[in-house]
Amino acid sequence: MTGKSKQKVLITCALPYVNNVPHIGNIAGSHLPADIFARFCRLAGHETVFIGGSDEHGTPIEVSAEKLGVDPQTLCDQYYRVHKEIYDWLLISYDNFSRTSLPIHHETTQEFFRKVYENGYVVEGTLRLPSCEKCGRVLPDRYVEGTCPKCGYEGARGDQCEKCSSMLNPGDLRSPRCAICGSAPVFKDIKHLFLSLDKLEARLKEWIEGNRDVWSPQVVNMALGWIHEGLKPRSITRDIKWGVKVPLEGFEDRVFYVWFDAPIGYVSSTKEWAQKIGKPEEWRRFWQEEDAKIFHFIGKDNIPFHTIFWPGMLMANGEFTLPYRVAGLQYLNYEGDKISKSRGFGIFCENLSRTGTSPDIWRYYLTLLIPETGDTEWKWREFQERVNKELVANLGNFVYRTLSFTMKNFDGRVPGAELSGRDRELLERGKRYAEEVGNLIWDIRLRDALKKVFELSDEGNRYFQENEPWKAVKEDPERAAACLHVCANLCYDLAVLLSPFLPESAERICAQLGMEVGTLEDVGQARVEAGQELRDVRPLFPKLDDKKIAELREITSSVTEYEEMFKVEEEYVSYEEFKRLDLRTAEVLEAGPVEGADKLLKLKIRVGGKEKQLVAGLAPYYRPEELVGKTIVVVNNLKPAKLRGEVSEGMLLAAVDGKKVALLTPDKDVKSGSKVE
RNA sequence: AGCGGGGUGGGGUAGCCAGGUCAAUCCCGCCGGGCUCAUAACCCGGAGAUCGGUCGUUCAAAUCGACCCCCCGCUACCA
């Protein structure tokens, strides 16, 4: 199935909602497994498209944008950038990462809806909903607050009381109020559109049961559980402004419920991809042809949605291929509890790029934590251990001992030699691994697949050990040459097999071999020939010591408050005001403590030809000796002041990020006293 | 509350759906010995779980049934 017959595969990852910064749970729960799967499909030669995008509509975005006084689009733009950068850094290989706020998605959604409507699967109905006259909006359940009728808790929400956890409707609350402005809501009957899921119940049931062999039991059972309770028409419109307009007379002021438009984002993202590659109709081959296999990677909270509601939409439309496999993943916890942004508890991905680490160390451990069967848990201790013992000491060690031995003893060229039966057998071994790894991945058993690849590294280490080339190189050079020839090829095979999981490392291994990362068909073929010249051989990963772990922990636990950034942008400074500052580069000549002050340092600096004294609150962040010799940026014409009795004739500039402080320095060599503007 | 998933040596995990070959798999860690090209691996030996709890079905249960405990998700207008 995997290496032999070529498939046409579309892979989607649950579209992240953009009111949050992604954390490791989001990565392990969908982006990473989807990416591994997609990379593998490409490696196996399947025709592969991997798409995603951000889900940007809905009440939460509209409300928080309003609070900040910006329009929702601006807020989404900001978060979209954050998301995109994170996925890029983690090497999530989207063929296209789209946005539901793009025109192409609005058009696609409306077109999709029209067809569903024409087919008779849309009915009108009435909902009695609370609305706030003052805010001029209909309130979603959770935006109504009041007193819980059961336990008397005053802060109960319209969907649930957090105190006694009873399920509520907004109408149940005593003295209800709008969660945004606090005024009393009015209940009105409002016309809405519903998708007639009830009409599709029998077909959905048959379809789900037909997938028993392919889907995991959890997914099938949960879906059937829903069917069993009976499907009812489900509302697909909302009374807010931020979203896709409903193209139907009498509903012009409504938008689609985000759950209706979000999955259609899969289609629009594929369309956008097709346009980008210059074949605008290409998307149809994946969405409208029977032989296309569509894989959805989602979290467990999304299972009913992707097994009932979304396929129902597709059936109602009638022109689309149904999902082939819905991979419902469980959750990733963190050190014994749920990840929580507000408590700063967890690993948030926006600062990963600042850790100075390879994305592969994160990908490695997170792959082992992909919650395929049950919830899993990130533990720093285990992260450190696995990186050091497995990535560094097993895989890294095998590659490095092989290549460095070749450098030292064979002049940096892969030796050639007469091979024994055992040598040949091992060279061929890669083929079997390729097949086994392929089967595991196709079955979405990614953790097992990665472990399988590491077995090959184990075999390599064992083989190297048994042949003792460090002895043989003196006593039986031919044997040593054969051994290293085989090992170089094993390194290459490993790199290829590893490439879906650890793409950067795969590249680095191949680069050191002076080769390119090949495809699955190159594995086990002894592609590294005698005479191949190695280059720039060095260890793949550094070990993570306790200090580094503490640093990583610190960096990844903080999340930028993007909301605050909008406030800053609003206070403009005129160019004239800016020009009054005389910013200059300066060289630090001396640095030392200020008597009687813990936090201050006294610096002697040179600005052009002139020497000055500066006092700065750097002591908690820099040692004096670290500063000497640095070129910094100072406000040269700041009015002199005395701090703790010492004159300060200017101030230096530094970036302040919470407890972290970084001096600004020019990134090229410039003359002392250069103007900064 | 109902529905679904899970509870296996210190950590993780397989097996359980098609009960016996499971006094239970594999990885990591731990203890002892060998080797040294490598940010050291590999080899040999060792300690460690009665499979959430109770009761049953059976010649035989981690594996089937009942009840209970704990964790997680869903329960439709939160995405």
Side-chain angles (χ1 to χ4, degrees), chain A residues 14-20 55-61 127 129 138 140-143 157-160 165-167 169-170 192 194 197 216-226 228-229 231-239 257-260 262 299-305 308-309 328 330-331 333 338 368-369 371-377 379 381-382 385-386 388-394 396-406 408-409 447-448 451 454-455 457-473 480 483-484 487 538-543:
Chain A
L15 306 189
Y17 198 63
V18 287
N19 63 344
N20 252 325
D55 176 11
E56 306 188 358
H57 297 316
T59 311
I61 292 284
L127 290 174
L129 297 170
V138 174
D141 287 4
R142 63 158 54 178
Y143 284 89
R157 289 194 324 210
D159 53 349
Q160 187 176 23
S165 356
S166 46
M167 308 299 298
N169 287 313
H192 273 285
F194 291 73
L197 279 179
S216 68
Q218 291 112 294
V219 174
V220 174
N221 289 339
M222 188 176 282
L224 289 177
W226 268 61
H228 188 69
E229 285 176 30
L231 299 179
K232 301 186 192 93
R234 180 168 172 143
S235 81
I236 56 171
T237 49
R238 284 294 175 280
D239 296 271
Y257 181 31
V258 280
W259 266 16
F260 184 81
K300 60 178 162 184
D301 51 339
N302 246 328
I303 292 174
F305 187 72
I308 309 274
F309 193 45
Q330 312 290 308
Y331 283 174
N333 293 316
K338 287 188 211 175
L368 298 175
L369 289 182
E372 285 164 9
T373 50
D375 291 356
T376 57
E377 191 176 324
K379 291 176 191 158
R381 190 59 206 256
E382 196 186 30
E385 220 164 59
R386 303 207 93 131
N388 288 346
K389 295 303 253 184
E390 296 168 19
L391 262 189
V392 176
N394 191 317
N397 179 55
F398 175 62
V399 174
Y400 186 63
R401 78 199 294 204
T402 296
L403 302 187
S404 64
F405 195 92
T406 306
K408 283 177 198 158
N409 297 287
R447 288 178 299 177
D448 287 344
K451 285 179 185 166
F454 269 71
E455 281 179 26
S457 165
D458 262 344
E459 287 212 47
N461 270 320
R462 211 174 303 134
Y463 170 82
F464 195 104
Q465 188 68 22
E466 284 164 8
N467 281 279
E468 303 185 310
W470 58 94
K471 282 184 191 164
V473 77
C483 172
L484 269 297
C487 285
R538 62 179 64 186
L540 288 178
F541 309 96
K543 272 201 175 187

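Here is the naming used below: chain letters follow the sequence lines, and residue numbers restart at 1 for every chain.
Rounded to whole angstrom, the span from the CE atom of A:M222 across to the C1' atom of B:rG6 amounts to 12 Å. With rounding to whole Å, A:N302 atom CG is found 20 Å from B:rG4 atom P. Protein atom CZ of A:F305 is 19 Å distant from nucleotide atom C1' of B:rG4, rounded to whole Å.
Checked by atom type, the side-chain pair A:H192/A:S235 shows no donor-acceptor distance below 3.5 Å.
Across all their heavy atoms, A:E372 and A:R447 have their closest contact at OE2-N, 3.3 Å. The shortest non-hydrogen separation linking A:P469 to A:A480 is O-CB, 4.0 Å. Closest heavy-atom contact between A:N302 and A:A14: ND2-CB, 4.2 Å.
If you check B:rG73, B:rU36, B:rG29 against the side chain of A:E385, the one that comes closest is B:rG29. If you check B:rC27, B:rA14, B:rC74 against the side chain of A:R447, the one that comes closest is B:rA14. Of the candidate nucleotides B:rG4, B:rC27, B:rU13, B:rC27 has the atom nearest to the side chain of A:E390. Among the nucleotides B:rC37, B:rG5, B:rG4, the one closest to any side-chain atom of A:Q218 is B:rG5. Comparing B:rA76, B:rG29, B:rA38 by their nearest atom to the side chain of A:R234 picks out B:rA76.
The gap from the P atom of B:rA61 to that of B:rU54 amounts to 15 Å, rounded to the nearest Å. B:rU13 and B:rG7 have their P atoms separated by 9 Å, given to the nearest Å. Between the P atoms of B:rC43 and B:rG29, the separation comes to 13 Å (whole Å). Separation of the C1' atoms belonging to B:rC70 and B:rA60 is 30 Å when rounded to the nearest angstrom. Spacing of P atoms, B:rC59 relative to B:rA14, comes out at 33 Å, to the nearest Å. For the P atom pair drawn from B:rC64 and B:rA1, the interatomic distance equals 25 Å after rounding to whole Å. Spacing of P atoms, B:rC16 relative to B:rU58, comes out at 25 Å, to the nearest Å. One P atom belongs to B:rC27, the other to B:rC44, and the distance between them is 12 Å to the nearest Å.
Panel note: side chain A:N394, backbone A:F454; no donor-acceptor pair is recorded below 3.5 Å.
In this structure, CG in A:D375 is found 8.5 Å from OH in A:Y331, a value given to the nearest 0.5 Å.
In this structure, A:W470 and A:F464 have parallel ring planes: the angle between them is below the 30° cut-off, well short of the 60° mark.
Pair assignment for B:rC42 gives B:rG34, based on Watson-Crick or G-U wobble hydrogen-bonding distances that are each under 3.5 Å. The base-pairing partner of B:rA62, taking Watson-Crick or G-U wobble contacts with both distances under 3.5 Å, does not exist among the strands shown. In this entry B:rG4 has B:rC72 as its Watson-Crick or G-U wobble partner, both defining distances falling under 3.5 Å. As the counterpart of B:rC67, B:rG53 is assigned, both hydrogen-bonding distances of the Watson-Crick or G-U wobble pattern falling under 3.5 Å.
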Salt bridge (charged side-chain N to carboxylate O under 4.0 Å, His left out) between A:R386 and A:E390: does it pass, once the steps are laid out?
CA-CA 5 Å; A:R386 303 207 93 131; A:E390 296 168 19; 3.2 Å; yes
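At the heavy-atom level, A:L540 lies under 4.0 Å from base atoms of the strands shown. Backbone-only contact: A:D55 has heavy atoms under 4.0 Å from sugar-phosphate atoms and none from a base. Residue contacts shown for A:F464 include a base, since a base heavy atom lies under 4.0 Å away. Contact annotation for A:F194: base contact, defined as any heavy-atom pair under 4.0 Å involving a base atom. No engagement by A:P469 is indicated, since no non-hydrogen atom pair under 4.0 Å with the nucleic acid exists. A:V392 comes within 4.0 angstrom of a base, heavy atoms only. Within the nucleic acid shown, A:F309 has no heavy atom closer than 4.0 Å to any nucleic acid atom. At the heavy-atom level, A:L129 lies nowhere under 4.0 Å from the strands shown.
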Which letter, B, S or -, goes with each nucleotide of nucleotides 40-47 of chain B from 5' to 3', with contact meaning a protein heavy atom under 4.0 Å?
SBBS----
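Between A:E382 and A:F541, it is A:E382 whose nearest contact on RNA chain B lies nearer the 5' terminus. Looking at which nucleotide of RNA chain B each of A:G58 and A:R386 is closest to, the 5′-most match is held by A:R386.
Judged by the 6.0 Å distance and 45° axis criteria, A:R234 is not positioned over the aromatic ring of A:F194.
The pair A:K379-A:E382 fails the salt-bridge criterion, with no side-chain N (NZ, NE, NH1 or NH2) lying under 4.0 Å from an Asp/Glu carboxylate O.
For A:K408 and B:rA38, the shortest distance from a side-chain N or O to OP1 or OP2 is below 4.0 Å. Under 4.0 angstrom from either OP1 or OP2 of B:rG12 there lies at least one side-chain N or O belonging to A:K379.
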